Amino acid sequence: MGMNETPSADRVHIGFFGRRNAGKSSIVNKVTGQELAVVSDVKGTTTDPVSKAMELLPMGPVVIIDTPGIDDEGHLGELRVRKAKQVLNRVDVAVLVVDATLGKTNVDEELIHIFKEKEIPYLVVYNKSDLLSENQKINADSPDRNQEPFIYASAATGQNIYELKEKIASLAVTDDLKLRLVGDLLEPSDFAVLVVPIDKAAPKGRLILPQQQTIRDVLEAGAAAIVIKENELSNTLKTLGKSPKIVITDSQVFAKVSKETPKDIWLTSFSILFARFKGNLKTAAAGAAAIDRLKDGDKILISEGCTHHRQCDDIGTVKLPRWIRNYTGKDLEFEYSSGREFPEDVTKYSLIVHCGGCMLNEREMRYRQKCALDQEIPITNYGIAIAYMQGILKRCVEMFPDVRKELDV
Ligand SMILES: Nc1nc2c(ncn2[C@@H]2O[C@H](COP(=O)(O)OP(=O)(O)OP(=O)(O)O)[C@@H](O)[C@H]2O)c(=O)[nH]1
Ligand code: SF4
Ligand SMILES: [Mg+2]
């Protein structure tokens, strides 16, 4: 991925839901102007969610997700329904496609109920309006339709498709007060030192996404970023004319970097910055403290946001279990989940350690965190857990007083 492309996780995710044959795929194709999804009059044509990252005017960078119809019957159907519902954990805007000639059914109401429960902004598209007479539309248009945003459209004629996009865009602009990665900690003349181990875990010839995004955010603050390998830190700090405002390191070389960074310079890690960016630093810091309460026989879930492990190598599957066992001296059982899979019932675990989640969007991370908190299971992440076990977490969140406070109780 080039540095000027918006990472998928930061794009607005727009999901299209509804019953089979409502015209979800047809609407998606019309909205995107591409033949993204297969359309047919056979019910249940779409069997798996289809995602596509694209620029969509007037919105900007988005991910469009077409889903399988959810009124499926039978065993295969259940699987599709589950897949469609899984998509709900990562959409920022939901579009409910209803066949206007049939109107809303229980299934549609059930979906709306889920949108509301998950606080997903949504709108209803009454598709196939080309098949309705003017009278039918006027009747259906009566004002007290639960005051929910809706629009008549036709994928067949293209009627109201642009208006539909505008409505989606208006729902998508929610939190423009987005948290920053690090830029809010920096003044224009500051500089930040980024410590990036270049070893077998790093992809050849490039920096990984979290590093790219951090550099980008430093630059956006008008500050300077100096990127070095872990062996260059002492020397760099000595030869620089003035102290950096902050040193940001990869968690794997935390111990070394912590030793070499003078106490008056802020020190943190990419994982800590990303946890804050995704709004879960406080929870993760509090969750790390649960490591000290682990007992023999406890189960720990290690959860990774992607399946390729290219960037995280064997941290989750090999190193973390070893570190946690060594640190606690307890006989612990580890289980793993990866990619989109995340168990709904996590009650059998005493702790969940999640990866940084760079491939997951904010909503999905929030959902997983909520799952854990609702079931009163502590949840932390790799970097935070590592910093905690090394006794340097307090130092690494010093610049975030509200989070620092969590570690004193
Ligand atoms: N007249 C008319 N037909 C439409 C319109 N939109 C879709 N259709 C037809 O409705 C049928 C179903 O369309 P799809 O887009 O495949 O529906 P879907 O909701 O994706 O269906 P599944 O993938 O099976 O859940 C196809 O025969 C389409 O040609 C429309 O605006 N007007
Ligand atoms: S999603 Fe998680 S496991 Fe995958 S590269 Fe990002 S931090 Fe690592
Ligand atoms: Mg379809």
Side-chain angles (χ1 to χ4, degrees), residues 1 7-9 15-31 35-50 65-72 77 80-81 83-84 95-102 107-108 125-132 151-161 164 201-203 208-213 250-252 269-271 273-275 277-278 302-317 320 336-342 353-361 364-365 368 381-384:
M1 177 176 301
S8 185
F16 291 76
F17 302 89
R19 300 170 62 209
R20 287 180 303 171
N21 261 359
K24 298 175 294 300
S25 299
S26 307
I27 288 281
V28 162
N29 288 348
K30 211 65 189 181
V31 162
E35 294 301 309
L36 191 64
V38 181
V39 168
S40 95
D41 54 5
V42 176
K43 282 187 179 177
T45 301
T46 308
T47 53
D48 281 293
V50 180
I65 311 166
D66 185 20
T67 67
I70 70 131
D71 56 341
D72 265 328
R80 281 178 216 158
V81 172
K83 284 179 190 161
V95 179
L96 176 63
V97 182
V98 173
D99 183 332
T101 62
L102 303 173
V107 173
D108 297 306
V125 184
Y126 290 94
N127 185 35
K128 310 194 186 180
S129 64
D130 53 291
L131 302 178
L132 293 183
I151 189 169
Y152 277 93
S154 166
T157 66
Q159 186 218 352
N160 269 356
I161 295 296
L164 167 61
I208 62 174
L209 192 51
Q211 297 162 352
Q212 293 177 21
Q213 286 176 270
D250 185 285
S251 306
Q252 291 193 68
S269 71
F270 292 103
S271 340
L273 293 181
F274 271 82
F277 183 61
K278 305 219 172 193
I302 306 258
S303 184
E304 301 198 318
C306 63
T307 48
H308 47 67
H309 310 283
R310 259 178 318 175
Q311 297 175 10
C312 289
D313 199 35
D314 54 359
I315 303 180
T317 46
L320 254 182
Y336 305 89
S337 76
S338 65
R340 293 266 147 72
E341 294 298 326
F342 187 79
V353 189
H354 205 292
C355 74
C358 68
M359 308 296 274
L360 299 173
N361 68 355
E364 175 126 24
M365 282 303 286
R368 293 180 178 198
N381 74 34
Y382 289 11
I384 311 272

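Computed from a predicted structure; not experimentally measured. For ligands, and for the atoms within them, numbers begin at 1 and follow the listed sequence.
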Exercise for review: Please lay out, stage by stage, how Val50 and Val28 fare under the test side chain to side chain contact (heavy atoms under 4.5 Å, CB included).
Suggested key: CA-CA 10 Å; Val50 180; Val28 162; over 6 Å; no
Exercise for review: Using the test side-chain hydrogen bond (donor to acceptor under 3.5 Å, both in side chains), find all partners of Lys30 that sit at least two apart in sequence or belong to another chain.
Suggested key: none
**Study point:** Close-range residues for ligand 1, whose non-hydrogen atoms fall below the 4.0 Å threshold
**Key:** Arg19, Arg20, Asn21, Ala22, Gly23, Lys24, Ser25, Ser26, Val39, Ser40, Asp41, Val42, Lys43, Gly44, Thr45, Thr46, Gly69, Asn127, Lys128, Asp130, Leu131, Ser154, Ala155, Ala156
Review point. If you measure only the distance, is there a donor-acceptor pair under 3.5 Å linking the side chains of Ser338 and Thr307?
Key: no
Check your understanding: Does a side chain donor of either Tyr382 or Glu304 reach within less than 3.5 Å of an acceptor in the other side chain?
Key -> yes
Check your understanding: Quick one: are Val39 and Asn29 in side-chain contact, heavy atoms under 4.5 Å?
Key -> yes
Check your understanding: Does the side chain of Ile315 reach to within under 4.5 Å of the side chain of Gln252, using non-hydrogen atoms?
Key -> yes
**Study point:** Main-chain N/O of Thr67 paired with Thr46 side-chain donor or acceptor, under 3.5 Å
**Key:** no
Check your understanding: Which of these, Cys306, Gly339, Gly356, has its nearest heavy atom closest to atom 4 (Fe) of ligand 2?
Key -> Cys306
Study note, to complete from the structure: The atoms of ligand 2 lying under 4.0 Å from a heavy atom of Cys355, numbered in the order shown, are 1 (S), 2 (Fe), 3 (S), 7 (S)
